[in-house]
2 protein chains.
Amino acid sequence: MTEMANITDVAKLANVSAMTVSRVLNGKGYVKEETRRRVLKAMEKLHYVPNELARSLVLQQSQMIALIVPDITNPFYTTVARGIEDMARKNNYQVILCNSDENVDKEREYIEMCLRIRVDGIAIAAAGDASKKNLQLLKPLDIPFVLIDRRVEGTQADVVLGDSVEAAQSLVEHLIGLRHRRIAMFTGSLQSSTSRDRVAGYRKALEKHGILYREEYVKENTYTRNSENSDIQDLMTLPEPPTAILAANNILAVKAFQQLKKLQLQVPGDVSIVGFDEVDPMNVAEPFFTSAIQPAYTFGTLSMQFLLERIEGNDSSPRTIVLKLEMVIRNSTQTVKVPQDN
Amino acid sequence: MTEMANITDVAKLANVSAMTVSRVLNGKGYVKEETRRRVLKAMEKLHYVPNELARSLVLQQSQMIALIVPDITNPFYTTVARGIEDMARKNNYQVILCNSDENVDKEREYIEMCLRIRVDGIAIAAAGDASKKNLQLLKPLDIPFVLIDRRVEGTQADVVLGDSVEAAQSLVEHLIGLRHRRIAMFTGSLQSSTSRDRVAGYRKALEKHGILYREEYVKENTYTRNSENSDIQDLMTLPEPPTAILAANNILAVKAFQQLKKLQLQVPGDVSIVGFDEVDPMNVAEPFFTSAIQPAYTFGTLSMQFLLERIEGNDSSPRTIVLKLEMVIRNSTQTVKVPQDN
DNA sequence: GTGAAAGCGCTAACAT
DNA sequence: ATGTTAGCGCTTTCAC
């Protein structure tokens, strides 16, 4: 930081008190038109920029909120971020974007920094249930926060998320409608409520249609973006390999697709895939994946609205808002080749 | 912001002065072990979190830097962001990520906010040459900044960017090697130095191989992500339509591809495409585009290093570092069907 | 209409 | 090893 001009410098140059400068700055209180002009001129001359740090210190509010997401490279979260941002700007808040990398410790560091710089509120897509500990840091200090996309077990707060149970169920029923019976699931870390919901929907659909739930069909993927594993290999070498896969998110859908390709298996020829959200932000490929799409932008605007209300002091009991997903049927699914009973 | 405990509260509870608490906090100066423990206990009891705002105010530095990018949804910039972030964290700086949306006015707003909250420095991929005005706000206040990916005409500063001239030339020569002679170019806004460099490389290659530069083959695209236009249409209905296209960035490569598809034209069967950077971060499609890839992560780490040096007071003359791009040949290019003279 | 004084939470410099 | 004083840049309150 540098020796920038401060309010006193401006005051001196304009031959007024700091108070008058402050009044000009904030447009409140009476200032004679001529004085105001003198002050404005002095500001310009000195390249004066008000020090928001000092202002926040006395006002006890920073007009900043933080958005913490688990993966900044996932288009779902960048879309959420845009929603948050637009709504925040409309209300004169600045957004600080933080990337926890699905890592609870990194997440904690960011939350601690948020406390230190006294953000007015936090919107967070939590890394997992273990985030509870991090969020508890906020409670005694009374910093408002909203959960996005994922509930956190044992944490009371406003939540904005999608109806993953229902969406997963619909996706599976779509597969069943195409006569699939051997349907596997790629779930994300079961630390995340969203993953669990999607598994629940998967099971619900199977049950409803009298299809046996098979342990060995469900693969929990905790690995990160670039790591390798053999889930598909394992799946496809079972005595009764699946004919379709429900992937619990966009990343996993791609993973499944790529692994199948390596085994020379066709999608949807040999195996159908269904998933969540858009996979290919730029639509490089023809939109290909049959998918349940979440209204990500709305996740953002809505959760920001909630957060603003909390910051303004709304003290009602926590709300959960569950948004519908839109299932779009594309080319990653087709009728099963060799119908199976089961 | 809320009535959180402050340093005096802790001091009182621990029966010491604020100074002692401060010393415990910052681990400098001598504090008796027993006193230290008492202080620590008091902190915990009060859920004390140091107020970084106040600290920054007296220390005259915020330990925050800002990264301003023109498009947060472009994987190139998110990769840069990761590089910046990692390097910043290593050096105890927090990063504030801002999205200017290729909009000079929004960019100015963010820069003004950065000044108000007294960030220690700014890394910026400028919206265009018009960003000069915005950057000039920083000069008189002596806030260090680094330019990433794009020079800004008339602005002196450290710059980290790719060798776009050479890369564009190589891409075009690759096409020429495949016997293309009618090569069109999709450029981004010529407000951006990077676009201009790529056009320069394009012309250089043509010239070198005695191919006529044709005005009507160069299309400047200033439209945004979702807008429509007829560039490809115009191009392909020329008396001598191009057999290949150089796209000036990842977004434009996709645009070209999609528009060709609409006209029932095949890539690379009817038209070859070359571009820059990765197009498909998740590799949904087989990596498909022949492309010159920039070391985006390194852009980030390097520019952060420069910025840190400037913050620390390094006052040498501005440096420009130009990184090589890596050309990867993939499936969006092939030998021209009907060789043309020209 | 304008100003003076006090204080937001912290630390540097100087006591003791 | 610990405390006191002053001040970072601003706004609130009250006075004129």
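Chain letters run A, B, ... following the sequence lines, proteins first and then strands; every chain starts at 1. When reading the values below, keep in mind they use all heavy atoms of this one structure, side chains included, and skip hydrogens, waters and symmetry mates.
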message: I'd like to know whether CD of B:Glu112 has more than 12 heavy-atom contacts from other residues, nucleotides or ligands below 6.0 angstrom.
response: yes
- request: Check whether any side-chain N or O of B:Ser56 sits under 4.0 Å from OP1 or OP2 of D:dC8, and answer yes or no.
  value: no
message: Distance check needed: D:dT2 P versus B:Arg37 CZ, whole Å only.
response: 13 Å
message: Between A:Thr20 and C:dG3, is there a contact of a side-chain N or O with OP1 or OP2 at under 4.0 Å?
response: yes
- request: Looking only at side-chain atoms of A:Asn6, point me to the closest of D:dC10, D:dC8, C:dG1.
  value: D:dC10
message: Looking at A:Gln60, I'd like to know whether one of its side-chain N or O atoms comes within less than 4.0 Å of OP1 or OP2 on D:dT11.
response: no
query: For C:dC8, does OP1 or OP2 lie under 4.0 Å from any side-chain N or O of A:Gln61?
result: no
query: What is the distance, rounded to the nearest whole Å, between atom CG of A:Leu59 and atom C1' of D:dT12?
result: 9 Å
message: I'd like to know if A:Arg36 reaches the base of C:dG1 with its side chain, counting only an N/O donor and acceptor under 3.5 Å.
response: no
field: Contact under 4.0 Å: A:Asn51 side-chain N or O vs D:dG9 OP1/OP2
entry: no
message: If the cut-off is 4.0 Å, is A:Ser17 near the phosphate of C:dT2, judged by side-chain N/O to OP1 or OP2?
response: no
query: With B:Asp158, which residues qualify under salt bridge (charged side-chain N to carboxylate O under 4.0 Å, His left out), at least two apart?
result: B:Arg310, B:Arg319
task: Please determine, by modelled atom types, if B:Tyr77 and B:Asp149 share a side-chain donor-acceptor pair under 3.5 angstrom.
output: yes
Presence of B:Tyr48 side-chain N/O under 4.0 Å of C:dC10 phosphate oxygens OP1/OP2: yes
